Amino acid sequence: MKFEKIQAPKGVREYLPPESQSFEWVREQLIAPAKSAGYQLMELPVFEDTNLFSRGVGESTDVVSKEMYTFEDRGGRSITLRPEGTAGVMRAVIEQNLDRGQLPVKVWYSGQFFRAERPQAGRYRQFYQVGIEAIGTEDPALDAEVIAIADRGFKNLGLKNYRLEITSLGDAQSRAAHRVDLLAYIEALDLDEATAARAQINPLRLFDDKRPEMQSAMAKAPLLLDYLSPESAANFAAVQKYLTAMGIAFVINPRMVRGLDYYTGTTFEFVHPDLGAQSGIGGGGRYDGLMETLGGQSLSGIGFGLGVDRALLAAIAESTVPSQEFTSDLFIIPLGDDAKEQSLVLAQNLRNSGIQTEIAFGDRALKGAMKAADKSGARYVIVLGESELKEGVIELKRMSDGVTTSVKIGQLQEELRRTLSL
RNA sequence: GUGGGCGUAGCUCAGCUGGUAGAGCACUCGGUUGUGGUCCGAGAUGUCGCGGGUUCGAGCCCCGUCGUUCACCCCA
């Protein structure tokens with residue numbers, strides 16, 4: 001009887017050895033700067049009440065209107081796999097009253113996110129993101145710090161070819177004033193039905209259209225940056241000043257559009273040119289009204305999300321991923337039943353003292369076991385057979401050059417710790 | 001959701017204008033008694049994504065379907 005194979009769901013990316021080590025490396029590099037800036041881990045559910053996203057992220061966004069994994073649980077509740085991280089953090093902050101203490105609340109998170117999009121290079125239905133949020137303080141210095149933390153993460157990966165784009169969406173008055181003129185401008189354009197519909201939902205989205213005819217049509221459209229209120233303009237200038245002081249290179253992109261509705265003020269995006277169409281490796285911004293929308297007090301926040309999958313692709317494109325050869329310290333080859341039992345005991349003791357130890361399983365021929373040892377990348381090998389058990393002495397073989405040393409079994413741990421300088 | 005490319009052994013692929021499949025790598029065993037990486041020898045492995053159709057005959061042609069990939073929309 002042969003059963004049909006089951007495939008992974010469409011559009012998921014999985015990392016198997018040895019690539020999984022590179023993935024883990026990227027994630028750690030991206031998280032490290034947040035930790036060193038005093039941000040603390042928040043471990044959140046991957047599914048939430050659907051209302052959290054429809055209300056928080058915005059009904060008008062593609063993310064909410066057509067990309068969510070939504071289902072009914074057994075109690076008849078509408079549940080959605082999280083498509084982004086900020087809303088969940090805000091929910092937890094409000095629910096657990098974290099905003100009642102020291103502000104800003106500074107947290108980081110990492111994990112899987114889900115969007116039911118058509119997969120493509122660098123775009124998966126389940127993707128991995130590292131993010132931070134700083135909630136409760138309106139200070140352009142905080143905006144600059146958040147951007148600097150993301151930038152540090154990418155620098156940790158050794159990336160050089162990415163660029164940081166920033167802009168400001170201003171405050172409510174700034175956006176309202178701009179919207180009037182932008183709508184008037186768009187009205188004069190001859191748009192196809194789908195594009196006109198998009199303009200209706202959010203006119204800013206037209207700036208993001210990749211079609212050349214739309215690019216040129218929007219070339220002279222009024223820019224939000226030119227409509228910033230004096231306060232917003234001063235705030236944005238301060239952010240730029242701080243970034244410059246920290247030596248962080250950026251370009252101002254007044255046509256930048258973010259896909260989520262809650263952004264206000266400073267927004268930014270990290271773009272890598274070598275990844276194909278999905279070039280954004282991270283992005284974020286300030287959100288003034290989100291917390292209130294979700295039933296909390298009126299506090300502003302700022303944060304980012306960095307795409308771990310895409311950051312890995314970028315690191316691969318720039319050849320900055322360190323070679324992560326898997327190695328262990330010792331490989332034990334037991335010959336015979338007594339030796340097998342002894343090797344388990346020995347390995348346990350060695351591992352307890354910090355020596356990475358593997359065992360050859362399956363009663364293979366010695367030659368085959370040696371090949372396995374070689375492939376495992378183990379630095380040393382011992383064969384544990386009848387004579388070794390009887391005499392209490394083993395030959396410790398160094399795989400790099402084949403040199404062997406006689407060692408008493410009782411002193412093996414000490415000898416290994418010495419030669420491996422543990 | 002829309003459009004293009006692709007789908008042959010574990011992996012990378014070959015297979016000419018249709019005649020029922022091959023290479024390299026990897027894997028297993030061996031090259032005399034218990035020691036890897038090189039070399040030599042032997043061996044196992046495919047319902048040619050799946051389902052229909054055309055044909056005397058299809059991996060090669062047609063239709064559908066699934067998957068994958070790239071792009072659009074959108075986004076990390």
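Only heavy atoms go into these numbers, but all of them, side chains included; no hydrogens, no water, no symmetry mates. Computed from a predicted model, the values in this text were never measured in an experiment. Order of the sequence lines fixes the chain letters, A, B, ..., with proteins taken first and strands second; residue numbering starts at 1 for each chain.
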- Message: I want to check something: taking the side chain as every heavy atom from C-beta on, are Y380(A) and L420(A) in contact at a cut-off of under 4.5 Å?
- Response: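 Sidechains of L420(A) and Y380(A): in contact.
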- Note on the structure: Closest non-hydrogen atoms of G284(A) and R258(A), given as atom of the first, atom of the second and distance, are N-NH2, 3.6 Å
- Does R255(A) make a cation-pi contact with F207(A), if we ask for NZ or CZ under 6.0 Å from the ring centre and within 45° of the axis? no
Any N or O donor-acceptor pair under 3.5 Å from the base of [N] to the side chain of [X]?
X       : N       : result
R310(A) : rC75(B) : yes
Q112(A) : rA76(B) : no
D374(A) : rG36(B) : yes

- Query: Which of these nucleotides, rA76(B), rG30(B), rC70(B), is closest to any side-chain atom of A121(A)?
  - Reply: rC70(B)
- Item | Of the listed nucleotides rA76(B), rU35(B), rG37(B), the one nearest the side chain of K397(A) |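 Nearest to the side chain of K397(A) among the choices is rU35(B).
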- Closest nucleotide of RNA chain B for P9(A) versus for Y124(A): which of these residues is on the 5' side?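 It is P9(A) whose nearest nucleotide is closer to the 5' end.
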- Message: Heavy-atom nearest nucleotide on RNA chain B for Q7(A) versus G122(A): which residue maps closer to 5'?
- Response: Q7(A)
Considering every strand and a 4.0 Å limit on heavy-atom distances, what is the contact class for [X]: base, sugar-phosphate, or nothing?
X       : result
E67(A)  : sugar-phosphate
G11(A)  : sugar-phosphate
Q126(A) : nothing
R364(A) : sugar-phosphate
S387(A) : base
K367(A) : base
G276(A) : sugar-phosphate
S376(A) : nothing
L306(A) : nothing

With both distances under 3.5 angstrom, what nucleotide forms a Watson-Crick or G-U wobble pair with [N]?
N       : value
rG36(B) : none
rC72(B) : rG1(B)
rG57(B) : none
rC11(B) : rG24(B)
rC29(B) : rG41(B)
rC16(B) : none

- side-chain hydrogen bond (donor to acceptor under 3.5 Å, both in side chains) assessment of Y128(A) paired with R27(A): CA-CA 9 Å; Y128(A) 206 99; R27(A) 184 180 55 190; 2.9 Å; yes
- Message: With a 4.0 Å cutoff (strictly under), does any side-chain N or O of Q120(A) reach OP1 or OP2 of rC72(B)?
- Response: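 Answer yes for this pair, as a side-chain N or O of Q120(A) is under 4.0 Å from OP1 or OP2.
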- Message: Can you see if the side chain of K375(A) gets near the phosphate of rC27(B) - specifically, an N or O under 4.0 Å from OP1 or OP2?
- Response: yes
- With no hydrogens and no angle check, do the side chains of S328(A) and E358(A) hold a donor and an acceptor under 3.5 Å apart? yes
- Message: Taking the C1' atom in each of rC56(B) and rG18(B), what is the distance between them to the nearest angstrom?
- Response: 12 Å
- Message: Between rA9(B) and rG51(B), how many Å separate the two C1' atoms, rounded to a whole number?
- Response: 23 Å
- Message: Any salt bridge linking R125(A) with E117(A)? Criterion: basic side-chain nitrogen under 4.0 Å from a carboxylate oxygen.
- Response: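 Looking at R125(A) and E117(A), the cut-off is not met.
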